[in-house]
2 protein chains.
Amino acid sequence: MQRKRFNTMSCPIARGLDRVGEWWSMLILRDAFAGMTRFDQFEKSLGIAPAMLTRRLKALVENGLLTKQRYASHPPRDEYRLTARGEDFRPVLLALLAWGNAHFTPEGPQMQIIDAASGEVAEPVLVDARSGRKLQAPDFKLAHGPAATAAMRARLAGGGGLLGWPGVGA
Amino acid sequence: MQRKRFNTMSCPIARGLDRVGEWWSMLILRDAFAGMTRFDQFEKSLGIAPAMLTRRLKALVENGLLTKQRYASHPPRDEYRLTARGEDFRPVLLALLAWGNAHFTPEGPQMQIIDAASGEVAEPVLVDARSGRKLQAPDFKLAHGPAATAAMRARLAGGGGLLGWPGVGA
DNA sequence: CAGATTGACTATCATAATGGTAGTGACTGG
DNA sequence: CCAGTCACTACCATTATGATAGTCAATCTG
């Protein structure tokens with residue numbers, strides 16, 4: 001009996017979660033974005049057991065989110081760096097940051113995205129890059145792509161819901 | 001020895017992940033956004049073991065992402081619905097969707113966000129709601145909030161990295 | 001109205017995954 | 001040469017997960 005994998009599902013969310021959905025993975029990525037590259041930096045920052053960190057880093061490297069590169073050979077030392085695929089994960093962490101700030105910081109926000117020039121606190125929203133409009137129903141909807149399976153088409157008939165239901169101001 | 005919790009960390013990403021970071025939680029939320037409300041709908045859609053589903057739904061309800069409401073008393077039947085807190089999780093799933101589409105669908109995208117009127121495929125980006133500018137360095141930076149601990153302040157000195165490093169076109 | 005089915009679960013139990021501690025090997029700094 | 005750093009591996013005690021089976025109430029089927 002293995003842990004059930006999501007990578008055989010056709011949904012891109014499931015496919016993605018299969019790579020970063022374990023208990024520590026996203027926090028390791030967060031620290032990688034914060035500039036950490038070395039084993040002991042992650043270890044101290046997270047308070048994670050070393051065996052666990054080894055396993056997670058290995059999985060993230062295998063899934064193409066991090067690279068492991070030797071930066072010193074005399075004492076063999078490696079560093080972990082984000083790949084392009086890892087960099088692309090950034091919006092997920094930013095969305096999580098905004099959600100965490102909104103719901104789980106009763107003391108007030110610990111981290112904020114601010115305008116570098118004015119210092120004003122930013123308010124993150126997802127929009128379409130070209131038109132600049134907010135990604136929500138009824139302007140946008142979730143549709144099946146060209147490679148969608150029959151099950152996926154059936155599931156998406158009606159808008160899929162992730163953008164809100166048409167006519168409902170979610 | 002319990003599974004290590006993240007809810008005592010000061011980082012909002014960690015706080016958030018503490019609530020939705022287990023193996024099935026985000027997929028259950030995905031299905032809730034897709035309009036599912038009933039136990040057996042989740043069970044069939046996910047292929048999850050019923051005991052596991054019970055545990056996850058319970059945790060999501062306890063954490064305020066879903067509500068459990070009785071919709072029929074004669075045969076006691078409950079339905080699970082997203083709360084406001086659950087609804088706010090939407091951008092995280094959309095960001096995951098975009099990332100999964102970009103990196104883990106070699107056959108081509110299964111799901112796409114499209115403009116309801118024109119049918120064009122949308123390109124999701126995170127921007128500041130007021131100014132409309134992309135949330136990235138050097139325009140924006142990650143700063144500590146008013147309630148930040150000393151450790152958090154130290155960690156964020158220099159921009160934090162989540163938005164890219166100043167001067168680096170990440 | 002007996003029997004089958006649905007819906008929403010709980011119980012049980014074998015395997016995995018996680019967390020903690022300790023130890024290893026290659027240096028390095030004093 | 002002795003302590004310390006770095007990046008791990010080994011080992012083991014707990015938890016968590018996954019699979020199957022069973023429960024209980026009600027409703028459909030014939």
Side-chain angles (χ1 to χ4, degrees), chain A residues 1-9 14 17-29 31-32 35-63 66-81, chain B residues 1-9 14 17-29 31-32 35-63 66-81:
Chain A
M1 180 197 46
Q2 286 187 13
R3 155 177 268 176
K4 199 147 186 177
R5 306 311 309 267
F6 301 153
N7 52 2
T8 55
M9 300 179 181
L17 280 175
D18 189 76
R19 275 77 179 194
V20 296
E22 308 92 351
W23 199 230
W24 288 98
S25 302
M26 294 198 206
L27 285 186
I28 292 173
L29 290 172
D31 281 355
M36 296 185 189
T37 59
R38 298 216 316 267
F39 193 92
D40 75 313
Q41 290 180 308
F42 292 111
E43 195 180 353
K44 286 184 182 60
S45 161
L46 297 167
I48 187 178
M52 193 78 262
L53 181 56
T54 299
R55 291 191 280 255
R56 286 288 147 267
L57 286 172
K58 189 162 178 287
L60 289 170
V61 168
E62 280 169 3
N63 285 316
L66 297 176
T67 50
K68 181 179 186 172
Q69 279 174 2
R70 184 138 297 186
Y71 70 90
S73 55
H74 283 283
R77 291 286 176 271
D78 300 300
E79 62 181 4
Y80 297 89
R81 293 197 169 279
Chain B
M1 180 196 47
Q2 285 188 15
R3 155 176 268 177
K4 199 147 187 178
R5 306 309 309 266
F6 301 154
N7 52 3
T8 54
M9 300 179 182
L17 280 175
D18 189 75
R19 275 77 178 194
V20 295
E22 309 93 352
W23 199 231
W24 288 98
S25 303
M26 294 199 206
L27 285 186
I28 293 173
L29 290 173
D31 281 355
M36 296 185 190
T37 59
R38 299 216 313 267
F39 193 92
D40 75 312
Q41 290 180 308
F42 293 110
E43 194 180 355
K44 285 182 181 60
S45 160
L46 297 168
I48 187 177
M52 192 79 263
L53 181 55
T54 300
R55 291 192 280 257
R56 287 287 148 268
L57 286 173
K58 189 162 178 288
L60 289 170
V61 168
E62 280 168 2
N63 285 316
L66 297 176
T67 50
K68 182 179 186 171
Q69 280 174 3
R70 184 138 299 186
Y71 68 90
S73 53
H74 282 282
R77 293 283 178 274
D78 300 301
E79 62 180 5
Y80 298 89
R81 293 198 170 278

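Both backbone and side-chain heavy atoms feed into the values below; hydrogens, waters and symmetry mates do not. In what follows, every chain begins at residue 1, and chains take the letters A, B, ... in the order their sequences are listed.
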Q: Output all residues satisfying salt bridge (charged side-chain N to carboxylate O under 4.0 Å, His left out) with R81(A), sequence neighbours left out; order by chain, then residue number.
A: E79(A)
Q.
dC9(C), OP1 or OP2 - any side-chain N/O from Y80(B) closer than 4.0 Å?
A. yes
Q: Give a yes/no answer on whether the side chain of R38(B) brings an N or O atom under 4.0 Å of OP1 or OP2 in dA8(C).
A: yes
(Q) Just to be sure I understand the rule, does F42(B) reach a base, reach only the sugar-phosphate, or reach nothing, if contact means heavy atoms closer than 4.0 Å? (A) nothing
Q) Hey, is the side chain of K44(B) poking within less than 4.0 Å of OP1 or OP2 on dT6(C), counting only N and O atoms? A) no
Polar atom pairs between nucleotides 21-23 of chain D and protein, under 3.5 Å, N or O only, would you list them?
none

**Q.** By salt bridge (charged side-chain N to carboxylate O under 4.0 Å, His left out) - contacts of K68(B) (at least two apart)
**A.** none
Q. Among pairs that include at least one residue of residues 49-61 of chain A, which meet side chain to side chain donor-acceptor pair (under 3.5 Å), considering only residues two or more places apart or in two chains?
A. K58(A)-E62(A)
(Q) Heavy atoms within less than 4.0 Å of DNA chain C: which residues of residues 53-63 of chain A have one? Give them sorted by number. (A) R55(A), R56(A)
**Q.** Atom of M52(B), atom of W24(B) and distance for their closest heavy-atom approach
**A.** CG-CD1, 3.7 Å
Q: Within residues 17-25 of chain A, find the residues that approach DNA chain C with a heavy atom at under 4.0 Å, and present them sorted by residue number.
A: W23(A), W24(A)
Name each donor-acceptor pair under 3.5 Å that joins a side chain in residues 41-48 of chain B to protein atoms two or more places apart or in another chain, with its distance.
unit_1: Q41(B); atom_1: OE1; unit_2: T37(B); atom_2: N; d: 2.9
unit_1: Q41(B); atom_1: OE1; unit_2: R38(B); atom_2: N; d: 2.9
unit_1: S45(B); atom_1: OG; unit_2: R155(A); atom_2: NH2; d: 3.1
unit_1: S45(B); atom_1: OG; unit_2: D31(B); atom_2: OD2; d: 2.6

Q. Would you say dC9(C) has OP1 or OP2 under 4.0 Å from some side-chain N or O of K68(B)?
A. yes
Q: Identify, with sequence neighbours excluded, every residue that meets ring pair (Phe, Tyr, Trp, His ring centres under 6.0 Å) alongside F39(B).
A: none
